[in-house]
Structure formats: structure tokens, C-alpha cells
Amino acid sequence: MAAVELPDGEVVEAQDMTGLELAQAQGVDAVAMVADGQLCDVRDRLPATGRIRLVTAEDPLALEVLRHSAAHVLAHAVRRLFPDVKLAIGPAIRDGFYYDFEFPEPPRSEDLERIEQEMGKIVKEDLPIERVELPKAEAVELLRRGGEVYKQELLDDLQQREISFYKQGEFIDLCRGPHILSTGGVRHFKLMDLAGAYWRGDAERTMLTRIYGTVFPSREGLKEHLRRLEEARRRDHRVLGPQLELFSINNEDIGAGLVLWHPKGARVRQELEDFWVREHYRHGYQLVRSPHIGRARLWERSGHLEFYREGMYSPLNVEGQEFYLKPMNCPFHIDIYNSRTHSWRELPVRYAELGTVYRYERSGVLHGLLRVRGFTQDDAHIICRPDQVEEEIRSTLRFALHMLRTAGFSEFAVYLSTRPAKFVGEPERWDLATEALRRAVQAEEMRYEVKEGDGAFYGPKIDIDVADSLGRAWQLTTIQFDFNLPERFDMSYTGEDGHLHRPYMIHRALYGALERFVGILIEHYGGAFPPWLAPVQAVVLPVTEEQIPYSEAVAAQLTAEGVRAEAWGRAGKTLRWLIRQAQLQKVPYMLVVGPREAEEGKVALRLRTGEDLGPQEVEEIAARIEQAARSRTAEL
RNA sequence: GCCGGCGUAGCUCAGCAGGCAGAGCAGCGGUUUCGUAAACCGCAGGUCGGAGGUUCAAGUCCUCCCGCCGGCUCCA
């Protein structure tokens with residue numbers, strides 16, 4: 001007997017029937033069921049024992065099923081309009097679904113509308129979605145007749161004897177399921193985009209056309225989703241960057257993926273860097289600096305030319321010698337370490353550098369500040385003894401969280417990546433390092449997830465993702481062991497025993513890259529930086545032209561007290577206009593001065609939040625801003 | 001790199017099927033002297049991303065290049 005939980009919580013016993021039959025008997029509108037946490041088709045037979053849950057369309061778990069069915073409706077519509085398309089795959093994804101097709105003629109973006117309309121018809125027709133099981137030989141024959149070369153390839157990989165298809169009206173598709181019961185359930189959908197996608201993600205193979213869409217059980221769900229997309233668009237750092245005069249990047253003369261930091265963006269970055277430098281000194285790091293280029297032999301020795309050449313800029317030739325722009329800082333730091341011998345007593349050595357590197361990224365993957373070709377890593381290399389490894393990882397984790405929390409993030413996800421199939425170094429070292437990583441996260445009481453075999457070929461690692469204000473995850477911190485470079489550069493220290501030993505080396509970046517980090521911060525804060533990062537902290541706004549001299553005096557006084565303040569008064573500009581400008585520039589503090597304030601030597605404080613705090617002494621306001629900046633809170 | 005979309009004034013965009021390059025904002029000049037998200041009037045501003053080509057005529061059509069945007073296994 002299987003115990004089946006109904007959506008209202010009631011549990012009934014059932015056997016020898018399908019989930020669908022039970023649902024119909026119970027008058028339940030089930031679209032899927034969950035057995036052992038696995039989503040499965042409600043058309044399946046109930047298992048003999050175990051606990052099953054029937055899921056309705058409203059259940060969040062059903063969303064995946066709905067999306068997958070929507071992908072079929074999309075394929076159905078495309079097949080009707082373009083009978084010669086070949087179908088590839090059409091899964092549910094995080095925000096919706098897609099389907100990959102091979103079109104005889106690539107469709108144009110205008111075709112999306114037609115396809116959407118046809119999908120609407122199929123939904124209205126409310127075609128029952130049925131499952132058809134075929135013996136493998138028949139399945140092969142069916143796909144062969146239809147000329148479905150991609151589906152045939154998928155079928156070749158399947159081991160089962162019975163192959164499932166799903167059929168709705170005249171449309172049939174090889175599919176694992178599960179699916180909702182009829183096309184009528186796919187009401188609130190929208191096609192989002194058209195894109196190219198290689199078959200199986202392989203650039204060597206055919207370029208297919210991918211159509212993206214999204215679908216929700218309710219109109220409100222769809223509207224809310226579109227609203228969130230709009231909100232993300234409003235916070236897009238590529239839009240806010242130029243608007244807030246932070247940076248520019250689309251300059252044909254300079255080159256793709258190369259960033260110009262304008263004064264305000266440079267100020268934000270400078271504040272971050274100042275903080276970063278101070279904290280690194282406080283945490284026992286030594287700062288070093290290294291050049292932007294190095295001779296070919298350096299990169300030969302490091303192995304970069306052998307394994308990372310794709311990612312490097314072409315060499316420069318100077319006086320018959322080849323130089324490369326650095327894609328990483330590590331070889332330089334190692335060279336500093338190797339410039340003399342080291343005793344076991346002086347480890348750990350921690351070298352840190354805001355090191356600007358250049359990497360060749362394929363033109364199509366560049367994206368604002370988030371993916372660029374020239375960027376500054378907040379890099380460091382920790383060189384230590386085996387007995388120090390665990391404590392180094394622990395303190396680095398604490399340090400990372402401190403840096404991320406200060407920047408305004410409070411939700412983290414930690415991932416531990418272990419040894420991959422192809423690796424260098426001794427397994428014993430891998431084990432020690434991996435265990436040290438594991439014990440360190442446990443000791444810090446951080447929840448973490450293991451990504452088995454996902455480490456780099458040269459060592460295991462821990463990555464930290466943060467969630468921003470819209471709940472999006474960004475990978476920032478990475479802490480990686482390296483068993484490759486210490487060998488290649490023959491790094492050593494003299495142990496207590498008087499012999500030379502190979503040290504452990506850990507690469508780590510906390511923010512990742514300054515460019516990317518600032519991009520993420522812009523989106524996280526929607527451009528409204530906390531006082532310590534705001535490029536302009538306060539603007540003084542005169543009510544009439546009469547108060548311009550006074551407003552300038554106030555700004556000068558604040559500047560003298562260390563506040564980033566500007567006087568914005570201009571002939572002919574009303575207070576309303578000035579406030580609007582300040583709001584658009586997201587300046588945290590607006591200091592209004594009219595005749596009354598000028599008379600009393602005060603200013604009226606208005607916050608970016610719209611709050612009006614009335615007249616105050618200038619010193620009072622300076623103290624307030626300094627306090628907010630010093631504490632690095634987001635509070636104004 | 002590849003597929004699709006795009007590039008018109010500093011910014012946002014209009015310019016339909018080739019036929020004299022437009023608007024709003026910003027800028028500049030003036031008027032207004034104004035109390036918490038856009039006062040009013042005027043002026044100036046463009047090798048239509050670049051280079052070729054088709055045409056009597058190209059912002060518009062074709063080719064190449066540059067740059068930007070969405071995407072390129074979240075696997076039936």
C-alpha cells in the first residue's frame with residue numbers, strides 16, 4: 001500500500017492504480033506527484049509502498065512540470081508554422097523554459113510574435129497530453145521517419161527498452177516527462193528571446209536556434225516575474241554606470257572589455273581599495289607590487305603558455321625578446337618569495353596585491369564590468385607549512401566574510417570543490433588540503449555544499465557566493481590550493497629539521513576583481529551607495545540665487561571636515577530641480593539652504609530616502625556623515 | 001569565435017515603402033528669485049559607428065570591419 005498525501009494534507013492509501021486515477025477518484029486536480037522527493041508523472045502507476053504526494057498546478061514544485069509542458073507547446077507551435085524544423089531539446093530552466101530547433105531558414109525576431117500566437121491557439125485547443133511508450137526499435141523508426149536527427153542522437157544514449165513519448169494533438173515528442181495533463185494549463189506564458197546555441201554546447205557542432213520563454217500558473221505570477229525583470233533592468237550597472245558618471249566601457253578607440261573609471265567611479269573604487277589595503281595590513285598581509293608584463297620564459301616556467309595560452313594576449317616584441325601581459329599575478333609573487341631562502345619560523349608568508357591582469361575573453365562573452373578583459377584582482381598568495389594550513393584557511397574564511405559583510409552582503413553560500421579526475425600533485429597533499437578546507441568551514445560553522453571533482457587541476461578550493469538585494473547569486477571569494485606552481489618554481493623553506501621542504505601555497509581573492517565587484521555593488525545598491533562609498537556624500541542646495549555664496553561656504557566647511565560635499569546652486573535652477581538632480585544622482589545627504597538657514601547659519605537636512613529632518617548645525621551634519629562613513633553602514 | 005538583435009546630437013529616441021536629418025532632456029544665452037523629484041523663452045549642436053559598393057539619389061539596399069545587447073548543455 002502506498003500512502004498518498006493529497007494537496008489538502010489528507011492521506012489516503014492506494015494501490016494498483018495510477019496517480020491520475022487516484023486523483024480523479026479523489027476529485028483532485030493533480031498535475032504531478034512527488035515520490036522520494038522525485039517529481040514524477042501523475043500518469044505513472046503508484047509504487048507498491050512508500051509515501052507519495054499529489055501536486056496541483058498551484059504547488060511551486062509543479063512549476064517545473066508546467067515549464068516543461070510549455071516547451072512542448074512552443075515546439076508544437078513552431079512545428080505548425082515551420083514544418084521542416086528539426087527538434088533538439090526543450091527543458092525547463094530556472095526562470096522558464098527553452099526549446100532548441102534547427103530551422104531551415106533562421107527565424108527572425110519578428111517570428112516570435114507569430115509563434116506566440118500559435119501557442120495561444122494550442123493552449124485554447126486544450127489538447128490532452130498523453131504518454132506513449134514504445135519499444136526502442138519502434139522509437140528509432142519513428143524518429144528516423146521524422147528526420148529527427150537530434151532526437152535520434154539522444155535516443156542512442158538511452159538504455160531503457162521502453163521509450164516514452166508525449167503526444168498532444170498531431171504533435172509527438174521524445175520526452176522523459178513528466179507533463180501536465182493538457183495544453184490548456186499553459187495559459188500565462190510569454191516568449192522572451194531568440195538566441196543561438198550550439199548542439200550540446202559544442203562550438204564544433206551545429207548552431208541551433210534557441211527560443212526562450214517563461215510561464216506561470218497565474219497571471220499575477222507572470223506579471224510579478226516581468227516586474228522583477230524590469231527591476232533588474234533598472235538596476236543594471238551598465239545603465240547606472242554612465243548615468244551616475246561612474247565608468248564607461250563602450251569606447252571603440254580603447255577596445256572591448258577595457259574600463260575607463262570616471263572620477264566618481266574611481267572614488268568608489270578608491271574607497272574600497274583603501275579599506276582593502278588597511279584590512280590586509282591588519283590581517284597580517286604584506287603588500288607587494290608587480291609589473292604588467294613579463295618575459296616569455298616566466299610564463300613558460302609557470303606553465304601558463306602551455307595551459308593558459310588561449311586566455312592570454314599575444315606577445316609584445318621588444319629588442320628581440322617576447323613579453324606577455326600578465327593574466328595572473330602568481331608567478332611574480334612566487335619570484336618575490338624565491339628571491340631568498342625562508343625559515344620555517346617566518347611562515348606563513350602572505351603576499352597581497354591589487355594586481356591588474358589582462359585576459360583574452362571571447363568577444364561574445366564580454367558583459368559590462370562583470371566580464372572584462374583588463375581587471376584588477378584583489379589577489380593574495382599564502383605560503384605556509386602543513387601544520388598551518390587549517391588555521392590559514394579558517395582565518396581567510398573569517399576575513400572574507402568580514403570584507404563581504406562590510407560591503408553590504410549578508411547571505412552566503414559556500415562550496416567546497418574536491419579533486420578532479422585530471423590533477424597534478426601528490427594525492428596525500430590533496431587529502432590534507434581538502435580536509436583542512438572541510439574542517440575550516442565546519443569550524444567556522446558555515447553551511448557548505450561539496451562539489452565533488454570540481455576543483456582545479458592544481459588544487460581543491462572553496463568558493464563563496466553572495467546573494468544580492470534581488471536574491472541573485474554572485475561568486476566572489478575563492479580560496480584555492482596550488483600544488484602545481486610550488487613544484488614548477490621549486491619553492492621551499494628550511495624546516496626545523498634543517499632540510500628543505502615544499503610549502504603549501506594558497507591563492508585567494510576575496511572580492512574577486514574590483515571591476516566586477518563594483519558592478520555587483522552598483523546592482524546590489526541600485527546605484528544608491530552607502531555613505532562610505534558614495535562618490536558624493538552631500539550636496540548643498542540653495543533655495544534661491546541669494547544663498548549660492550552661503551551654500552558654497554557650507555560645502556567648503558564640510559569638505560574641510562572630510563566630507564565629500566559639493567554646492568550645486570546655479571542661477572535659474574529651482575530647488576525642486578536641484579533635488580531631482582540629487583535624487584537621480586542618488587546623493588545620500590541633501591542640504592537645503594534658504595533665507596532662514598542662511599540667516600541662522602544652519603542647513604535643512606533631507607535624506608535620499610525623502611525624509612526631511614529640518615534645520616541643523618553644519619557641524620552636527622558633518623559629524624553625522626562622518627559617523628555613517630566610519631561605521632560603513634548603509635544607514636544614513 | 002558563432003547565432004539573433006542593434007548602432008541617428010552628450011543622453012533617450014523618431015525618421016513609414018531610398019527623395020532637403022527631427023523631438024525631448026542635457027549644454028549655452030536670456031527672463032523668472034522660486035522651500036523638498038523637471039519654471040519659461042531663445043540659440044547652438046550630427047562625416048546617421050567606420051570603409052567600400054548598388055543607384056540620378058543611401059540614415060534607409062548590399063559586402064566587409066568596429067562596438068554594444070541577448071545567448072552558446074540548467075541536457076529526452
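Remember, it's a predicted structure, so these values are computed and weren't measured experimentally. Here is the naming used below: chain letters follow the sequence lines, and residue numbers restart at 1 for every chain.
A distance of about 15 Å separates the P atoms of B/U33 and B/A39, rounded to the whole Å. On the C1' atoms, B/G53 is 28 Å away from B/A14, given to the nearest whole Å. Spacing between B/G5 and B/C11 at atom P, rounded to whole Å, works out to 25 Å. Rounded to the nearest Å, the gap between the P atom of B/U60 and that of B/C48 is 9 Å. Across B/C61 and B/G18, the matching C1' atoms stand 8 Å from one another, rounded to whole Å. Comparing B/U54 with B/C64, their C1' atoms are spaced 15 Å from each other, to the whole Å. Comparing B/G46 with B/C62, their C1' atoms are spaced 25 Å from each other, to the whole Å. Here the separation of B/G71 from B/A51, taken at their P atoms, is 32 Å to the nearest Å.
Out of B/C74, B/C68, B/G71, the shortest distance to the side chain of A/Arg94 is found at B/C74. In this structure, the nucleotide among B/G35, B/C69, B/C75 sitting nearest to the side chain of A/Arg238 is B/C69. Proximity note for A/Met207 (side chain, C-beta onward) versus B/G1, B/C2, B/G70: the nearest is B/C2. Nearest nucleotide to the side chain of A/Val592, out of B/C74, B/G35, B/U33: B/G35. When the nucleotides B/G35, B/C72, B/G27 are ranked by their closest atom to the side chain of A/Tyr198, B/C72 comes out on top. Nearest nucleotide to the A/Arg606 side chain, out of B/A37, B/G27, B/C72: B/A37. Of all nucleotides listed (B/C72, B/C68, B/G70), B/C68 comes nearest to the side chain of A/Leu366. The listed nucleotides are B/C68, B/U33, B/A37; the one nearest the side chain of A/Glu545 is B/U33. Between B/G4, B/C74, B/C75, one nucleotide has an atom nearer to the side chain of A/Leu194 than all others, and that is B/G4. Nearest nucleotide to the A/Arg362 side chain, out of B/C72, B/C74, B/U32: B/C72.
The base-pairing partner of B/U55, taking Watson-Crick or G-U wobble contacts with both distances under 3.5 Å, does not exist among the strands shown. Summarising the base pairing, B/C34 is matched to no nucleotide, lacking a Watson-Crick or G-U wobble pair whose two defining distances lie under 3.5 Å. Under the Watson-Crick or G-U wobble criterion, with both distances below 3.5 Å, B/G18 has no partner in any strand shown. Base-pair partner of B/C48: not found among the strands shown (Watson-Crick or G-U wobble, both distances under 3.5 Å). Pairing partner, B/A9: none, since no Watson-Crick or wobble contact has both distances short of 3.5 Å. Partner assigned to B/C75 is none, using Watson-Crick or G-U wobble distances below 3.5 angstrom. Remark: B/U60 base-pairs with no nucleotide; criterion is Watson-Crick or G-U wobble with both hydrogen-bond distances under 3.5 Å. Here B/G27 sits opposite B/C43 as a Watson-Crick or G-U wobble pair (both hydrogen-bonding atom distances under 3.5 Å).
Salt bridge status for A/Glu64 with A/Arg67: absent, with no side-chain N to carboxylate O gap under 4.0 Å.
Of the two residues contacting RNA chain B, namely A/Leu575 and A/Trp199, the nearest-nucleotide position lying further toward the 5' end is that of A/Leu575. When the nearest nucleotides of RNA chain B are assigned to A/Val543 and A/Gly572 by heavy-atom distance, the more 5′-ward of the two goes with A/Val543.
Residue-environment remark: CD (A/Glu310) stays at or below the threshold of 12 foreign heavy atoms within 6.0 Å. For CD of A/Glu599, the number of neighbouring non-hydrogen atoms (other residues, nucleotides, ligands) closer than 6.0 Å is 12 at most. The neighbour count for A/Glu204 CD, taken as heavy atoms of other residues, nucleotides or ligands under 6.0 Å away, does not exceed 12.
Checking the phosphate oxygens (OP1, OP2) of B/A26, a side-chain nitrogen or oxygen of A/Trp577 falls inside 4.0 Å. Contact annotation: A/Thr544 side-chain N/O to B/C34 OP1/OP2 distance is not under 4.0 Å. Phosphate contact (OP1/OP2 of B/C3, side-chain N/O of A/Thr209, threshold under 4.0 Å): absent. For the pair A/Arg210 and B/C3, the criterion of a side-chain N or O lying under 4.0 Å from OP1 or OP2 is not met. Side-chain N/O atoms of A/His367 include one lying less than 4.0 angstrom from OP1 or OP2 on B/G70.
Here A/Ile89 lies in heavy-atom contact (under 4.0 Å) with sugar-phosphate atoms only. A/Ala197 comes within contact range of the sugar-phosphate backbone alone, with a heavy-atom separation under 4.0 Å but no base atom that close. Residue contacts shown for A/Ala604 include a base, since a base heavy atom lies under 4.0 Å away. Residue A/Gln547 is out of contact with every strand shown, counting any heavy-atom pair closer than 4.0 Å. Within the nucleic acid shown, A/Asp193 comes within 4.0 Å of sugar-phosphate atoms alone, with no base atom in reach, counting heavy atoms only. Within 4.0 Å (heavy atoms only), A/Glu310 reaches no atom of the nucleic acid at all. Across all strands shown, A/Gly368 has heavy atoms under 4.0 Å from sugar-phosphate atoms exclusively, and none from any base. Residue contacts for A/Pro242: at a heavy-atom cut-off of 4.0 Å it reaches no nucleic acid atom on any strand shown. In this structure, A/Phe165 reaches neither bases nor backbone, as no heavy-atom distance under 4.0 Å exists between it and the strands shown. Among the protein residues, A/Arg233 comes within range of no part of the nucleic acid, since none of its heavy atoms lies under 4.0 Å from any strand. Residue contacts shown for A/Gly257 are limited to sugar-phosphate atoms, with no base heavy atom under 4.0 Å away.
As a whole-Å value, the separation of A/Ile254 CD1 from B/G67 P is 12 Å. Here B/G70 presents its P atom at 7 Å from CG of A/Asp236, a figure rounded to the nearest Å. In this entry the distance linking CG of A/Leu154 with C1' of B/U73 reads 11 Å, nearest Å. Atom P of nucleotide B/G35 and atom NZ of A/Lys573 are separated by 17 Å, given to the nearest angstrom. One can place CG of A/Leu541 at 11 Å from P of B/A37, the figure rounded to the nearest angstrom. The CG-C1' distance, from A/Leu613 to B/U36, rounds to 12 Å in whole Å. Summarising the geometry, the separation between CZ on A/Arg359 and P on B/G1 is reported as 20 Å, rounded to the nearest angstrom. Atoms CG (A/Leu591) and C1' (B/G35) sit 14 Å apart, rounded to a whole Å.
Side-chain polar atoms of A/Gln168 and A/His76 form a donor-acceptor pair below 3.5 angstrom. Defined by atom type and a distance below 3.5 Å, a donor-acceptor pair is present between the side-chain atoms of A/Trp199 and A/Glu153.
Between the side chain of A/Gln159 and the backbone N or O of A/Asp157 there is at least one donor-acceptor pair closer than 3.5 Å. At least one donor-acceptor pair closer than 3.5 Å links the side chain of A/Lys136 to the backbone N or O of A/Leu158. Judged purely by atom type and a 3.5 angstrom limit, A/Thr418 uses its side chain to pair as donor or acceptor with the backbone of A/Gly453.
Ring pair A/His68/A/His179 is tilted by interplanar angle, where 30° to 60° counts as tilted.
In this model, no side-chain donor or acceptor of A/Glu204 finds a partner on the base of B/G1 within 3.5 Å.
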